[in-house]
Amino acid sequence: MSEEKILAADDPSFKEMDTQAREAQRITAVINTGYHEESELKALMEKLTNKKIPEGFRLFPPFYTDHGRNITFGRNVFVNSGCCFQDQGGITIGDGCLIGHQVVFATIDHGLDPDHRQDLIMSPIALGKNIWVGSHATILRGVTIGDDSVVAAGAVVTKDVPPRTVVGGVPAKIVKTLRGGAPYYLTNSVSEPQ
């Protein structure tokens, strides 16, 4: 798990976060309205993240984010429709990652103490290379997912995932460790072909 940062509800930077959130909403409203060529989407994502978007990036809108400036994409990343990137804590998506429909990256949490419920607890999320995140999965704050891993559809990932590992369930648990060699194809039973 990554180091967390706590932002108290009375911290003056809340106002700046709100301003940045409004800008992200403005840009994502354009992304999510009408049809855009890949080059247009890439330009809009560069404006949203304030970073150069590497080659091979593909996005199927709609796309939602709370901030935008704390997202970093690697090369040849695909983000399917309806994803939510709550990125105040930072989200890094490595080269070759595939993000399924309606995946949620949640880098912010709130404390259990009612007197501090409005405070924000933030930790970054990091995906290594060649990771496949299945539809409707949720990755929670502070999680790092190792290279070549798979997150099954609907999983809720609360802890780090080692490289070359398949995780699934709520909360996500290790289902399988992937070996090198022949290609793998996942079925409903998450098993290798015979």
Side-chain angles (χ1 to χ4, degrees), residues 1-2 21 24-25 27-29 31-32 36 38 41-42 44-46 48-49 51 53-54 56-110 121-176 178 184-188 190:
M1 290 286 226
S2 304
Q25 290 171 358
I27 296 169
T28 56
I31 290 170
N32 298 336
H36 302 283
E38 281 187 34
L41 286 173
K42 185 175 176 182
L44 286 163
M45 289 300 285
E46 286 180 347
L48 178 67
T49 62
K51 296 179 183 89
I53 298 294
F57 176 82
R58 293 184 334 142
L59 169 69
F60 285 4
F63 177 81
Y64 305 98
T65 183
D66 290 356
H67 193 273
R69 304 275 171 150
N70 296 320
I71 303 170
T72 302
F73 292 107
R75 292 182 334 236
N76 300 316
V77 168
F78 173 67
V79 178
N80 217 324
S81 62
C83 291
C84 298
F85 282 54
Q86 183 192 53
D87 68 302
Q88 287 93 332
I91 299 171
T92 302
I93 308 292
D95 294 346
C97 287
L98 304 171
I99 311 301
H101 290 91
Q102 298 179 341
V103 169
V104 173
F105 291 91
T107 67
I108 293 180
D109 206 350
H110 299 278
I121 305 167
M122 299 180 280
S123 303
I125 294 170
L127 273 60
K129 296 178 181 176
N130 300 317
I131 292 166
W132 171 23
V133 181
S135 297
H136 299 276
T138 298
I139 316 294
L140 296 182
R141 70 178 181 85
V143 168
T144 297
I145 300 177
D147 293 351
D148 302 317
S149 290
V150 177
V151 175
V156 177
V157 185
T158 61
K159 297 178 182 174
D160 291 352
V161 176
R164 301 188 63 76
T165 302
V166 179
V167 296
V170 180
K173 297 191 182 331
I174 294 176
V175 173
K176 156 184 238 99
L178 302 173
Y184 286 86
Y185 301 96
L186 296 179
T187 64
N188 287 339
V190 194

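Since this is a predicted model, take the numbers as computed values, not measurements.
Note that CD1 of Ile121 is 12.0 Å distant from OG1 of Thr107, once rounded to the nearest 0.5 Å. From Met45, atom CE reaches atom CD1 of Ile31 across 5.5 Å, with rounding to the nearest 0.5 Å. Residue Ile71 holds its CD1 atom at 7.0 Å from OG1 of Thr49, rounded to the nearest 0.5 Å. Here the OG1-NZ distance, from Thr158 to Lys173, works out to 7.5 Å after rounding to the nearest 0.5 Å. Interatomic distance, CD1 of Ile174 versus NZ of Lys159, reported as 10.0 Å (0.5 Å rounding). Rounding to the nearest 0.5 angstrom, the gap separating the CD1 atom in Ile53 from the CG atom in Leu48 is 8.0 Å.
Each of Leu127, Asn76, Thr92 was checked for a side-chain contact (heavy atoms from CB on, under 4.5 Å) with Cys97, and the lone residue meeting it is Leu127.
A 4.5 Å side-chain heavy-atom check between Asp109 and Leu140 finds every atom pair outside the cut-off. Put simply, the side chain of Val103 reaches to within 4.5 Å of the side chain of Cys83, judged on heavy atoms. Between Asn32 and Tyr64 there is a side-chain heavy-atom pair separated by less than 4.5 Å. Counting heavy atoms from C-beta on, the side chains of Ser81 and Pro61 never come closer than 4.5 Å. The shortest side-chain heavy-atom distance between Asn70 and Phe85 does not fall under the 4.5 Å cut-off.
Of all heavy-atom pairs between Ile139 and Val157, the closest is CD1-CG2, 3.7 Å. Nearest heavy-atom pair, Phe105 versus Ile91, reported as atom, atom and distance to 0.1 Å: CB-CD1, 3.5 Å. Nearest approach of Lys129 to Asp147, heavy atoms of both residues: N-OD1, 2.7 Å. When all heavy atoms of Gly168 and Ala155 are compared, the pair lying nearest together is CA-CB, 4.0 Å. Looking at every heavy atom in both residues, Gln86 comes nearest to Asp66 through CG-OD2, 3.0 Å. Closest of all the heavy-atom pairs between Ala137 and Val151 is CB-CG1, 3.8 Å.
Between the Asp95 side chain and the Gly74 main chain, no donor and acceptor come within less than 3.5 Å of each other.
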*Please test Glu38 against Arg58 for side chain to side chain contact (heavy atoms under 4.5 Å, CB included), starting from the C-alpha separation and ending with a verdict.*
CA-CA 7 Å; Glu38 281 187 34; Arg58 293 184 334 142; 3.9 Å; yes

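The local environment of NZ in Lys42 is crowded, with over 12 non-hydrogen atoms from other residues, nucleotides or ligands closer than 6.0 Å.
The aromatic rings of Phe60 and Phe78 sit perpendicular, their planes meeting at an angle over 60°, well past the 30° parallel limit.
Look at Asp148 and Arg164 and you find a salt bridge, because one of the NZ, NE, NH1 or NH2 atoms lies within 4.0 Å of a carboxylate O, short of that distance.
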